[in-house]
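The block underneath contains the structure these notes are about, expressed in structure tokens.
Lettering follows sequence order; numbering is per chain, from 1.
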Protein chains: 2
Amino acid sequence: MPSKPLPPITMDAVYAAPGYLFRRMQQIAVSIFMEECKAFDLTPVQYAALIAIHTHPGIDATRLSAVIAFDRSTLGSVIERLEAKDYIERKPAPEDKRIKLLYLTKPGAAILREIIPAVERAQARMLEPLKPADRKALMTLLVQLVDLNNEASRVPLRAEDALEHLGKSG
Amino acid sequence: MPSKPLPPITMDAVYAAPGYLFRRMQQIAVSIFMEECKAFDLTPVQYAALIAIHTHPGIDATRLSAVIAFDRSTLGSVIERLEAKDYIERKPAPEDKRIKLLYLTKPGAAILREIIPAVERAQARMLEPLKPADRKALMTLLVQLVDLNNEASRVPLRAEDALEHLGKSG
DNA sequence: CAAAGATTGTCAGTATGCTGTCAATCTAGA
DNA sequence: TCTAGATTGACAGCATACTGACAATCTTTG
């Protein structure tokens, strides 16, 4: 057998491939987010970063990247843009000259309060076409899959554990 | 009531949001794809484009973007790179001077044959952590959701219908 | 304490993705 | 036919993402 006959190459195989579906769904999710939030000058990534900084005031960029599973390189420019919009500020850490601490500003906290309803509408719209039971089933499976595949991505999620090495006053 | 008390802002709400999970899963999917296919100089997007051009020889860029649901602007550079690698070639359409027809080259067809097993391994790996029944359930729900949300994205999938206006000799 | 090693923020380079625009070209209607 | 409108490929500009590298800085070790 010099060459095994390959399966026929069809677009249907592409349309049914997990990778294609994940990409497509991501495009759709971003599109819905931007539509619901067009009154606010925030992208999904910037929103997640703001939430994380709000939840962990004084976090540094490297730990932030672990908490939201974003690439450290990418995060640099995201932070820059958030700072340019005056939603966050960077302060040098007194005990480590390499580190810059991130804090939400008043306008940052304000925009967060205002945008949350729009974000929730967006999240709901993404799943709206499914029956409620199916929405729940899909989310359950996705949470599992993302968790079990955590190490497969370049920047695994390190959630709260990532903060254990931070100097906490508690 | 001057201001309604907002729900507490937690990272768990972010981690459970559909949009966040889709983004995360997309990152993971790309990472796995690139790892399995590192022997071949092809990205997931370039792979999908190659398959579509193989399936629809002589397609033009605009219709290609509809068939794989990629942005027309983005596709331009993707095509450029595929052409630079000598995997496809562009020929001017005789009856319409605006259009450039896309064809797979011999090296393009060859790389497609070679990469397919790696791509299938990648697709399988993405779902591997789930039980077989759960994989099937997830894919079924995702196919539904992507289809029902088709119009929500900037570039809805137009699959084969997009080709109806193409001059077909058959 | 000095050298080796690790960490942090940053940058260059590449590759999607999106919005908006434009000239060239084709099409449809007056 | 002549022109208003649509289509096509291309481009500029912005925003993720990833790889790999780097200087400054901190930590660990001998």
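- Each of A:S73 and B:R81 has a nearest nucleotide on DNA chain C; the 5'-most of these lies closest to A:S73.
- For the residue pair B:R24/A:N150, the side-chain donor-acceptor check at 3.5 Å is satisfied.
- Comparing C:dC26, D:dC26, C:dG9 by their closest approach to the side chain of A:D96 singles out D:dC26.
- In terms of phosphate contacts, B:Q26 brings no side-chain nitrogen or oxygen within less than 4.0 Å of OP1 or OP2 of D:dT16.
- Clustering ILVMFWY residues whenever any of their side-chain heavy atoms sit less than 4.5 angstrom apart, transitively, puts B:I9 in a cluster other than the one holding A:Y103.
- B:L64 and B:L112 fall within the same hydrophobic cluster, where Ile, Leu, Val, Met, Phe, Trp and Tyr residues are linked whenever their side-chain heavy atoms come under 4.5 Å apart, directly or through other members.
- For C:dT16, one of the phosphate oxygens OP1 or OP2 lies less than 4.0 angstrom from a side-chain nitrogen or oxygen of B:T43.
- As judged by a 4.0 angstrom heavy-atom cut-off over every strand, A:V78 is placed among residues touching the sugar-phosphate backbone only.
- The listed nucleotides are C:dC26, D:dT19, D:dG9; the one nearest the side chain of B:K97 is C:dC26.
- Proximity of A:R90 to the phosphate of C:dG9: no side-chain N or O atom is located under 4.0 Å from OP1 or OP2.
- In terms of position along DNA chain D, the nucleotide closest to A:V45 lies nearer the 5' end than the nucleotide closest to the other residue of the pair A:V45 and A:E95.
- Between B:R98 and the phosphate of D:dA6, there is no side-chain N or O to OP1/OP2 separation shorter than 4.0 Å.
- Comparing B:S31 and B:E80 against DNA chain D, the residue whose closest nucleotide sits nearer the 5' end is B:E80.
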